[in-house]
Structures are given as C-alpha cells and as structure tokens.
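In each ligand, atom 1 is the first atom listed, and ligand 1 is the first ligand listed. In what follows, residues are counted from 1 in the order of the sequence shown.
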Amino acid sequence: MSEAPTPRSTNPTFEIDSEAIGWITFDDAERRLNVLTEPVMIRFGACLDEARAAGREGRARVIVIRSGKPGSFIAGADIEQIGEAEDLDVAETQIRLGQAIYSDLASLPIPTVAAIHGVCVGGGVEMSLACDYRVLSDSEKTGMSLPEVQLGILPAWGGTTRLPRLIGLQAALDLLLTGKRVDARKAKRIGLASEVVPADLFMRKVRDFALSIGANPGHAPAHKRKLRTRLLDETGLGRRIVLAMARKKVMASTGGHYPAPLRILDILRDNLAKSIEESLGAEARAAAELLVSPVCKNLLHVFHMREGARKGKGVPAADAVEAHAVLTLGVIGAGVMGGGIGQLAARKAIRVYMKDIRHEAVTGGLQHARGLFDKAVKRRRMSSREAAQSMELITGGLEYHGLSDSDLVVEAVVEKMAVKKAVLLEAEQHVGHDCVLATNTSSLSVTEMAGALERPEQFCGMHFFNPVHRMPLVEVIRGPDTSAETIATVYSLALRLGKVPVVVGDGPGFLVNRILGPYLNEAGFLLGDGATIADVDRVARIFGMPMGPFRLIDEVGIDVTGHAGASLHRGLGERLAPAPALLDLGRTDRLGRKGGVGFYTYEDGREKQIDETIYSELSSVPKSRRPFTDQEIRNRLVLAMVNEAARVLEDGIVTSAQDVDLAMIMGTGFPPFRGGLLRFADTLHPRALLDTVKGLHQAHGDRFAPAPVLEQLAADDRTFYAAFSGSAEQR
Ligand SMILES: NC(=O)c1ccc[n+]([C@@H]2O[C@H](COP(=O)([O-])OP(=O)(O)OC[C@H]3O[C@@H](n4cnc5c(N)ncnc54)[C@H](O)[C@@H]3O)[C@@H](O)[C@H]2O)c1
C-alpha cells in the first residue's frame with residue numbers, strides 16, 4: 001500500500017532441531033502480541049522456503065508453527081494496514097500475496113502442525129487452516145475466532161475457503177458470520193482442533209504429536225459428523241437449504257446493511273463445490289471490494305473509538321493521575337438499577353454491599369442479582385459454581401455502616417433531588433476518606449448534588465443504562481469540582497465492569513438522553529402531523545436504528561420517557577417542549593411494553609402489533625393519516641439529533657465528535673455501519689446540511705432553529721470531525 005520499501009523483519013524464525021522438527025516461531029520483539037504485518041508475512045514466506053528445502057533434503061520431517069509469546073499465538077492481521085486500503089486492485093493484490101504465502105504453507109512436502117496456546121485470531125486461524133494439523137492447549141486463554149465480519153470484511157487469507165472444507169458448512173457459517181470465539185473443547189468437537197493437550201505440558205505434547213506425525217505422515221485423528229449434518233453439509237440440496245436459511249437470518253438481524261456476511265454466503269454458494277484456487281480468487285475479490293467500502297471504514301472507525309475508550313483516551317490528564325482500585329463497592333438503593341449494578345460488580349469479583357431503606361427492597365435486589373446469574377448460567381456464560389461464588393460476594397442491609405469499607409459507592413435511589421442529596425451526604429459521613437461517591441441519576445443535576453457534599457472533588461455521575469447487564473455505555477459525568485482521580489477511578493471501574501465509558505459534562509439529559517430527546521419528540525410531532533406509527537418506525541429501521549422511536553418509547557416505558565421529556569423541557573427550554581401527541585399519550589393509561597400496551601400491543605412481553613386504536617385516543621392527532629416520503633421522515637428524525645448534537649458540542653458537554661458518536665452507538669444502538677451520528681452528518685455537505693435544517697426550521701418552527709455550530713461549519717466549509725477532533729487535554 002505504501003510506496004516506501006517494506007522494512008525487513010527477522011520475525012518469525014526458522015530452526016531445525018536434533019529430532020528433525022522444523023520450528024517456525026513467531027515472537028515480535030516490538031509488540032505484546034504477534035501481528036501479521038507485511039514485513040512479518042514476507043519473512044514468514046522466506047521461512048516457508050527454508051522449510052520446503054529442508055523437507056526436500058530430508059533435514060526436517062515435520063514443521064511446527066508456534067508462538068514465542070507465553071499466552072498468545074497470533075492476534076491476526078495488522079488492523080492499521082486494513083484501514084489504509086483505498087484502491088480496489090491494490091487491495092486485491094495485497095490479499096492475493098497473503099493467500100499465496102498460505103498456499104505455500106498448505107503445499108509443503110512434509111506435514112505441518114500449528115501449536116496454538118492462547119489467543120488465535122483472524123490471520124492466525126487462517127494460517128492454522130493451511131496447516132495439516134492444529135494442536136490446541138486446554139487453557140482457558142486458548143480460543144480461535146475469525147472476527148473479520150465484525151469489521152465489515154471477510155477472512156480472505158483462505159479462511160472463507162478452507163474453514164468450510166475442514167469443519168463443514170454449518171459449523172463454518174457459525175464462526176464466519178458471527179466472528180465468535182470457540183474454546184479448545186469446542187474446537188475439538190467441531191473438528192477444528194486435531195488434538196487438545198494439557199496447557200502445562202504444552203510444548204512437550206506438541207513435540208510428541210509432531211514426532212508421531214513425522215514418523216507416520218498421513219495419520220489424521222478422524223473427525224466424525226452426524227449423518228444429518230453431513231446430508232446438509234455435503235449435498236447440493238442440503239447446502240442450498242443451509243445457505244438460504246443463513247441468508248434469511250442475516251437479513252433479519254442486519255436489515256441488509258452489512259454486506260460482509262452476505263458476501264461470505266455468496267462465496268460459499270458459488271465456490272464450495274469448486275477448487276480451492278477458484279474459491280480463493282472469489283474470496284480475494286470480495287474482500288477487496290469490502291475493504292474499500294464505506295461500511296468497512298465506518299466499522300473500523302467504531303473499532304478505533306472503542307479501543308480508544310478501552311485505553312482511557314477519554315480520561316483527562318490520564319497519564320498524570322492514577323485510578324484507585326475498587327475492591328469493594330457500595331450500592332445505595334437496591335432497585336432495578338442498584339440490583340443490576342451489584343450483580344455486574346460481583347460478576348467481576350468485586351465485593352458488594354447493597355443498602356436500602358426497606359428489607360424487601362434488599363431482598364429484591366439480591367433476588368434480581370441471583371436471577372441475572374441464573375440466566376448467565378443457563379446461557380452458559382458462566383458455570384453454576386462461578387455464579388454461586390459471585391453471589392456470595394453480595395451482601396445487603398439497611399445500615400450505612402455496611403458501606404464503611406467501600407472504595408466507591410454508587411447511589412441509585414429514587415429520582416428525587418432532596419432524597420439523593422440527603423442520601424449522599426449521609427453516605428459521605430460513613431465512608432472512608434478516600435472513597436469516591438457516584439450518582440446514577442438519569443436526569444438530575446450532578447452539580448447541585450455536589451453542592452450538598454463536603455468532598456465534591458470525590459463525587460461525579462456514573463450513569464448506567466437499563467438493563468445494566470446489557471447496555472454497554474456508562475456516562476461518567478464531571479461535576480464542577482470533580483478531581484481527575486475521581487474520573488479516572490470511576491472510568492476504570494466502568495471498564496472493569498465491561499462497559500464503554502464516555503466522560504461528559506453536566507447538563508440536562510447529559511449526552512445520550514439529550515440527543516435522543518428531540519428524536520423521540522419529533523416522532524410525536526410526525527404523529528401529530530398525520531404520519532403513521534408504522535411508517536415512522538419503518539423509516540428509522542431502514543436508516544439502521546435497532547427499533548423505531550415509537551417502539552423505543554414503549555420499550556423504555558411511556559411514563560419514564562414522559563418524565564425524561566419533561567425534564568429536558570425544563571432544562572433546555574421551549575425547543576424541547578413535548579409534542580402534543582406525547583403529552584396526550586401521557587394522559588392515557590398506556591405504559592408501553594411493561595404494561596402490555598403502548599403504541600404496540602404485547603403478549604408475555606413480546607411485541608404483537610401496532611395498536612391502531614391509539615390514534616383515536618390521542619386528541620391532538622388528526623383523524624386521518626396522510627402519506628409522508630421516507631426522506632421527510634428520515635430528515636426530521638435524524639437531523640433533530642444532529643442539530644442537538646451540535647448544541648451539545650457548543651455547550652462543551654463533550655468536546656469531540658468521536659465522543660458523541662461512540663456514546664450514541666453504545667447507548668442507543670445508533671447503527672455502527674454509519675460510523676456514528678456525526679460521521680453520518682459529515683457525509684452531507686455542511687452547507688447542504690444547514691440548508692436542510694433551515695428548511696425544517698421554516699416548515700416546523702423553532703425547534704429546528706439551526707444550532708450556531710451548524711452555521712459555523714457551513715461558513716467554514718468544515719465537517720464535525722475536522723472542527724471537533726477533541727482530545728482529553730482540551731477538556
Ligand atoms: N430504571 C431506569 O431505566 C434507569 C436508567 C438509568 C438511571 N436510572 C436512575 O437510577 C436510579 C434508580 O432507579 P431504579 O429504576 O433502580 O429505581 P427503583 O425504584 O427500582 O429503585 C430505587 C430503590 O431506592 C430505594 N430507596 C429509596 N429511598 C432510599 C433511601 N433514602 N436510601 C436507600 N434506598 C432508598 C428504594 O427502596 C428502591 O429499592 C434513579 O435515579 C433513576 O433515575 C434509572
């Protein structure tokens with residue numbers, strides 16, 4: 001891809017031992033994990049030349065590929081290089097080079113073994129597929145995955161071609177279409193691993209295996225598949241059925257917005273019965289097309305944003321401050337959120353004390369946690385022993401004393417300022433001097449709460465989303481005096497809990513709810529203007545939202561959305577005045593999914609259909625519906641968010657477009673294939689964007705008054721990403 005000569009690498013190395021085993025060892029001195037960069041691949045190709053010669057001359061009887069890193073094999077291709085691909089033909093040529101090296105491996109004249117202990121991802125898996133055998137350690141760390149599809153591409157160094165030929169179509173689809181990881185046991189079961197050996201004797205067992213293969217080439221541990229599986233995998237009719245079902249499933253879960261899984265299915269449909277060479281050609285072409293596509297670029301962008309968050313990029317002065325370790329967590333309020341937070345912490349081996357004012361609430365919180373553990377066991381996410389051990393970490397009671405040894409306390413009591421202030425102040429008296437306090441408020445002022453405390457520098461917001469165990473975002477809300485240590489501590493706890501934290505300033509609705517507010521409200525205005533529920537939700541889904549705004553209001557709860565809307569109105573003024581249709585809705589006894597009826601009807605919590613009687617129940621909604629173009633609905637819904645996001649940046653709630661985008665993707669399911677709300681906005685010309693918003697302003701009034709930032713971007717002809725590149729230091 002670059003014009004400059006590729007630097008040479010001395011990694012991997014090749015050596016032949018006294019027992020005629022040729023060892024190819026990957027050990028990148030510059031990196032923590034082995035990555036298949038261009039120089040490394042070129043060096044690997046040279047090692048294969050040496051191995052071929054050694055095999056021909058009888059100096060080596062078998063080749064073993066191993067890692068010199070203690071807990072990992074190969075972490076895949078170089079993701080930076082993937083992101084650089086711009087030209088279709090260049091990308092295809094690059095892919096073909098990688099394929100050629102792996103084809104060399106596959107055609108060595110002596111047997112080949114991949115010795116896999118620890119992480120084995122992407123190109124590492126494909127390398128092992130080009131070997132004759134794969135020996136895995138039984139360590140928990142050992143796992144194989146082909147996550148390319150998650151980045152909008154496909155495994156193009158032979159993965160899409162060799163995996164189905166090795167383990168069968170259905171098992172291969174399960175890995176190729178999801179990117180999921182399989183452990184050693186599962187790898188053996190599906191025929192991916194030839195042998196699983198104890199981790200503590202790993203190299204010895206690999207050597208034994210290699211020697212036995214070297215002495216007896218052609219010997220392969222047989223892998224048997226059931227007759228039904230074979231009928232589906234190996235007959236033309238069976239394959240057509242499997243592929244048609246898989247395509248249906250992909251379309252249902254992605255709406256066709258993600259081309260990679262569909263291309264994988266195309267390749268398998270057209271090439272599974274053909275030669276490896278033909279299939280590799282199709283694989284390279286398809287992968288190159290995907291690589292240069294905007295969806296791939298957007299998914300890589302999301303990947304980098306997540307990685308940035310994981311590395312603490314959002315923490316101000318991250319290098320200068322240290323997060324306090326949280327070994328014991330206090331949770332005040334053992335309700336829906338408190339119970340969820342407690343369970344999550346215990347799952348990550350943190351001791352938890354849940355405090356409430358009612359015994360039943362404490363019992364309820366414990367039961368909530370236990371229920372979540374039971375579900376995790378049922379879904380095989382953890383063993384029942386692990387669940388029982390985690391549950392033992394949670395205690396609860398009515399006493400503040402229980403919080404005395406907490407390193408951090410999260411308050412999750414009712415959403416009332418007076419109660420929160422009193423509870424936080426009381427907690428502050430009972431905890432140690434270093435303890436950090438955090439509030440899980442969804443709408444109240446963190447600044448006002450801080451004012452009630454003696455140590456406001458040790459206080460901030462920690463806004464989890466409901467349900468806690470599923471929603472990946474945590475907003476870490478800075479108060480006026482919050483110290484950098486406090487932010488770092490809460491941020492690192494959020495990471496430990498497996499969440500994606502985004503640091504935001506205090507203000508009505510913080511970040512995500514503030515941007516979502518105008519979107520949901522606009523759906524209400526559309527309803528009042530005569531749009532149908534079906535059309536509005538359909539257009540939002542076509543845009544890529546996981547569900548339409550009406551369905552989302554039902555999901556969150558009509559009462560909860562009503563309160564959130566009212567609080568945004570109070571905090572941000574008339575621009576956020578609730579749509580009359582939503583005010584009408586609040587006066588009905590519909591609650592949304594939890595009550596069995598909202599915009600939709602539900603049976604046992606499952607959506608049934610739109611409740612057409614709702615139109616006549618909302619007095620501000622006209623009696624007859626009128627058609628809207630999809631474009632109009634989409635502009636109103638999406639640009640309401642973009643305009644609000646511009647104001648969020650102006651108010652300094654966050655300083656970077658990335659923060660807006662990461663939070664919206666993680667907090668609302670904003671479609672990752674678009675790369676984020678503002679990355680989407682940046683695909684429109686700044687002046688065209690402003691003109692469209694101005695048009696909406698004229699047609700619908702002041703709620704669409706263009707944010708000054710939009711005017712500025714249009715005047716400067718700049719994108720959001722150019723103007724708000726934001727860094728922690730700017731905050
Ligand atoms: N439910 C959500 O969707 C959601 C999402 C994000 C944030 N939040 C916020 O989380 C907080 C809790 O919400 P929830 O849905 O879990 O409420 P909930 O009603 O389920 O639980 C609140 C708990 O606080 C307890 N409580 C009340 N006063 C107390 C006091 N003085 N001391 C100790 N405990 C007390 C109650 O007994 C109850 O068990 C609220 O601030 C809410 O805004 C809720």
Per-pair distances, 0.1 Å, donor-acceptor, side chain in residues 572-579, under 3.5 Å, sequence neighbours excluded:
unit_1 : atom_1 : unit_2 : atom_2 : d
E574   : OE2    : H569   : NE2    : 2.9
R575   : NH1    : E644   : OE1    : 2.4
R575   : NH1    : E644   : OE2    : 3.0

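Geometric assessment of R636 against the ring of F525 yields a negative cation-pi assignment under the 6.0 Å and 45° thresholds.
Residues F543 and F670 place their aromatic rings such that the two centres sit under 6.0 Å apart.
Scanning both residues, A412 and M337, for their nearest heavy atoms gives CB-CB, 4.4 Å.
Among pairs with a residue in residues 460-486, those fulfilling ring pair (Phe, Tyr, Trp, His ring centres under 6.0 Å) read H463-F465, H463-F510, at least two apart in sequence or across chains. Screening residues 397-422 for ring pair (Phe, Tyr, Trp, His ring centres under 6.0 Å) gives Y400-H430, H401-H430 as the qualifying pairs, with residues at least two apart or on separate chains.
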Tabulating one pair per line, provide the atom names and distances (0.1 Å) for every N/O atom of ligand 1 that is less than 3.5 Å from a protein N/O atom.
unit_1   : atom_1 : unit_2 : atom_2 : d
ligand 1 : 3 (O)  : N466   : ND2    : 3.2
ligand 1 : 10 (O) : N440   : ND2    : 3.1
ligand 1 : 16 (O) : V336   : N      : 3.2
ligand 1 : 16 (O) : M337   : N      : 2.8
ligand 1 : 20 (O) : V336   : N      : 3.0
ligand 1 : 37 (O) : D356   : OD1    : 2.6
ligand 1 : 37 (O) : D356   : OD2    : 3.4
ligand 1 : 37 (O) : R358   : NE     : 3.2
ligand 1 : 37 (O) : R358   : NH2    : 3.0
ligand 1 : 39 (O) : D356   : OD2    : 2.7
ligand 1 : 41 (O) : V413   : O      : 3.2
ligand 1 : 41 (O) : E415   : OE1    : 2.5
ligand 1 : 41 (O) : K420   : NZ     : 2.6
ligand 1 : 43 (O) : E415   : OE1    : 2.8
ligand 1 : 43 (O) : S442   : OG     : 2.9

